[in-house]
Amino acid sequence: MIIDYLDSTSPNDVEADLCIVGAGAAGIAIARSFIGTGTRVCVVEGGGLAGEERSQSLYEGESIGSTPFDTSSSRMRVFGGSCTLWGGGCITFSRHDLAERDWVPGSGWPLSYDELEPWYAQARGYLGIDAHDFTDGSFLTPPARTPCSFDEGTLVNPVFARSPMFFGKHYREELDAAENIMVLLHANLMSLEATADGASVTHACIGGMDGRRGRITARQYVLAAGGIENARLLLLSDSVSPEGLGNAHDLVGRYFMDHPSGRLGVVATDDPDALTRPYERHLGKAAAPVSPEIALSVQAQREHQMLAGRVHPFPIEGKVPFGVRALREFRAAMRPPVRDEAELLEMRMCESMRNGPMLATALPAATPNLGMLALRMGLGAGDIVRAFAKKLADRPTVRSQHVELIGYFEQAPNRDSRVMLGEDTDALGLRKVSVDWQLSDIDRHTIRTAARLFGEHLARTCNGRFEPEPWVDANDNMPLPVHGTAHHLGTTRMAEHAEEGVVDRDCRVHGLANLHVAGSSVFPTGGWAFPTFTIVALSLRLAAHLQVLLTDCNVAGIT
């Protein structure tokens, strides 16, 4: 059942077998695994069923790193999590991504691809992509358009699948109907309290923004609140261990990574469509079920001693014909105005998380004159007819002027890049997050080297010329104009030993018997891959592990 903690009739305190903090992709996947079992599950979610400015404000914090970072707009506090706004991209890690690389300090997962593969297979159903087979680092379904041919010693064309799932919407009724699942909305985790020796969690303290306080008592606990918040919540849980739970070796919050993204330059060519059309992610109005990407080959990474990366070629339109512009303005004018708080919040966050170039878009005037727009459409009828004919022939309706290259890159694990607690407090009285996002030497080397490789090889495919951004060939002291892509990784990294990471290979926090972490915060490295597919695979693997632990407790009579 789904209950609003702000409703005074809801219980202050809850007893359960399993407490999950966070109802995003990971938390919902774990909770669903227990539907219909004898395990009582309580899911604690700080947001509501839709976005709210008040709840979102709890994600505010400060950025103190050399590279600016927005702590609030890069994640969403709502039932369904940040995937409420995701693009659906799913791809596996490759064997290379998970392996130790001698030129990347701190690389190597304690899990192999073969161990993750059955969970990737199971995750497809949850993500609605079970029609597509996969291998390590790519799906096997052929894309609708054949990608460009490259020298595979430098660039490759991995294929990703697009999930249609928005977890909060798709699985809401199922969770609401489950008798053994309780989802508490607007219930914020304040801290996890532990035994005197810090060896296990005794209860979770929760609170509402109305001042209400309570506790969840469970046998097992899972933090599934996101790559930043997981670390923050461990650091806030300091009543027994002043440094925070799981932080005996000062590793919680360290090794923070994202996928730095930025404009690499443009390709000037007389045939831009040859480069951009194979990589379009929408066919007509519908999203393509699978799409190719352009990525650095393993050979290139090894040869140049760099990290993984990908690039997307975005077509930048030339002059838009009169009639086509009028049609676009008319369609924009006919869209209903956005008045809902959730829609306004989502629009603002989507704009702030934009991971491509700002494309020219015809917008209507503040008070559009529909009659005048209709007249302009009539005068430009020839342009509109020609545009529809091109569309039917699977050709662009407006000719591209040039191609803009946007790169997305892996970061190396860096102990000095970290999430900490700041001095300011939020509406609950909890210390806000402070993010020190750092780029290392190998990060900068990767971005600059890959920019040249991508630009020159892509220009060659369309007989064009690569015009790099000024920073590509500048000295190393010039800051790189990159931003994050809302893929928050590494802050509770997985390692065999407590001296090297926060959680073990089963995602259990080292030194705590009944606390686990789910999500991309456990990733030791991030590759370039969209993280959600791996998040879900690891979460389903963790759910199976928890089922064994809770069954063993029942058999042993442990309460």
Side-chain angles (χ1 to χ4, degrees), residues 26 30 92-120 136 192 194 197-201 220-224 227 230-231 233-235 237 241 243-257 307-308 410-419 440 442 488-527 529 531 534-549 552:
I30 295 171
T92 70
F93 277 94
S94 69
R95 297 179 189 277
H96 171 77
D97 293 327
L98 302 176
E100 183 177 354
R101 290 164 273 172
D102 57 17
W103 66 95
V104 184
S107 60
W109 287 48
L111 292 177
S112 68
Y113 174 81
D114 290 334
E115 290 175 285
L116 279 179
E117 186 177 43
W119 303 106
Y120 278 132
D136 64 307
L192 294 170
D197 59 1
S200 63
V201 174
Q220 296 286 339
Y221 298 82
V222 176
L223 287 181
N230 282 345
L233 293 172
L234 287 173
L235 295 172
S237 302
S241 304
E243 70 279 4
L245 285 180
N247 201 27
H249 297 279
D250 189 26
L251 294 176
V252 172
R254 292 191 181 273
Y255 298 99
F256 173 65
M257 301 171 287
L307 303 160
E410 178 182 16
Q411 274 195 275
N414 177 5
R415 181 183 172 87
D416 294 329
S417 184
R418 63 187 300 197
V419 170
S440 63
I442 191 173
H488 308 144
L489 318 166
T491 56
T492 63
R493 70 193 318 256
M494 182 189 296
E496 291 283 6
H497 307 292
E499 296 80 11
E500 299 170 350
V502 177
V503 304
D504 65 16
R505 67 195 319 275
D506 292 321
C507 296
R508 181 181 63 84
V509 175
H510 286 293
L512 281 115
N514 62 344
L515 178 59
H516 294 74
V517 180
S520 55
S521 66
V522 308
F523 290 13
T525 56
T534 302
I535 288 173
V536 173
L538 285 172
S539 297
L540 295 176
R541 180 176 180 270
L542 173 56
H545 179 64
L546 290 167
Q547 288 171 347
V548 173
L549 291 178
D552 289 346

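Just the heavy atoms: all of them, side chains too, but no hydrogens, waters or symmetry mates, feed the values below.
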Between atom [atom1] of [X] and atom [atom2] of [Y], what is the distance when rounded to the nearest 0.5 Å?
X: L512; Y: S200; atom1: CG; atom2: OG; answer: 7.0 Å
X: D136; Y: Y120; atom1: CG; atom2: OH; answer: 9.5 Å
X: H516; Y: D506; atom1: NE2; atom2: CG; answer: 6.5 Å
X: N230; Y: H488; atom1: CG; atom2: NE2; answer: 12.0 Å
X: S520; Y: L489; atom1: OG; atom2: CG; answer: 5.0 Å
X: R418; Y: Y255; atom1: CZ; atom2: OH; answer: 11.0 Å

Heavy atoms only: give me the nearest [X]-[Y] pair and the separation to one decimal.
X: A26; Y: I535; value: CB-CG2, 3.9 Å
X: L542; Y: A518; value: CD2-CB, 4.0 Å
X: C507; Y: M494; value: SG-CE, 3.9 Å
X: G106; Y: P413; value: O-CG, 3.6 Å
X: E499; Y: L251; value: O-CD1, 3.7 Å
X: S440; Y: N414; value: CB-ND2, 4.1 Å

What verdict does the side chain to side chain contact (heavy atoms under 4.5 Å, CB included) test give for V509 and L245, after you've listed the backbone C-alpha separation in whole Å, the side-chain angles of each residue and the deciding distance to 0.1 Å? CA-CA 9 Å; V509 175; L245 285 180; 6.0 Å; no
[X] side chain to [Y] main-chain N or O, any donor-acceptor pair under 3.5 Å?
X: S417; Y: F256; value: yes
X: S237; Y: L192; value: yes
X: R541; Y: W119; value: no
X: D97; Y: F93; value: no
X: D197; Y: A199; value: yes
X: T491; Y: G227; value: yes
X: E410; Y: A308; value: yes

Show the numbers, then the answer: is there a side chain to side chain contact (heavy atoms under 4.5 Å, CB included) between L234 and N247? CA-CA 8 Å; L234 287 173; N247 201 27; over 6 Å; no
Less than 4.5 Å apart, any side-chain heavy atom of [X] and any of [Y]?
X: R254; Y: D416; answer: yes
X: R101; Y: L307; answer: yes
X: L116; Y: L538; answer: yes
X: I442; Y: V104; answer: yes
X: R493; Y: V522; answer: no
X: L549; Y: Q220; answer: yes

Residue pairs meeting side chain to side chain donor-acceptor pair (under 3.5 Å), one or both in residues 103-115, sequence neighbours left out, come to R95-D114, W109-T525, S112-E115, E115-R505
Kindly determine whether H497 and H510 satisfy ring-ring contact (aromatic ring centres under 6.0 Å, His included), including the steps that lead there. CA-CA 8 Å; H497 307 292; H510 286 293; 7.9 Å; no
Enumerate the salt bridge (Lys or Arg N to Asp or Glu O under 4.0 Å) contacts for residues 516-527, please, sequence neighbours excluded, ordered by first and then second residue. none
For side chain to side chain contact (heavy atoms under 4.5 Å, CB included), just list the numbers for L546 and V222, CA-CA rounded to whole Å, side-chain angles, deciding distance to a tenth of an Å, and then say yes or no. CA-CA 10 Å; L546 290 167; V222 176; 3.6 Å; yes
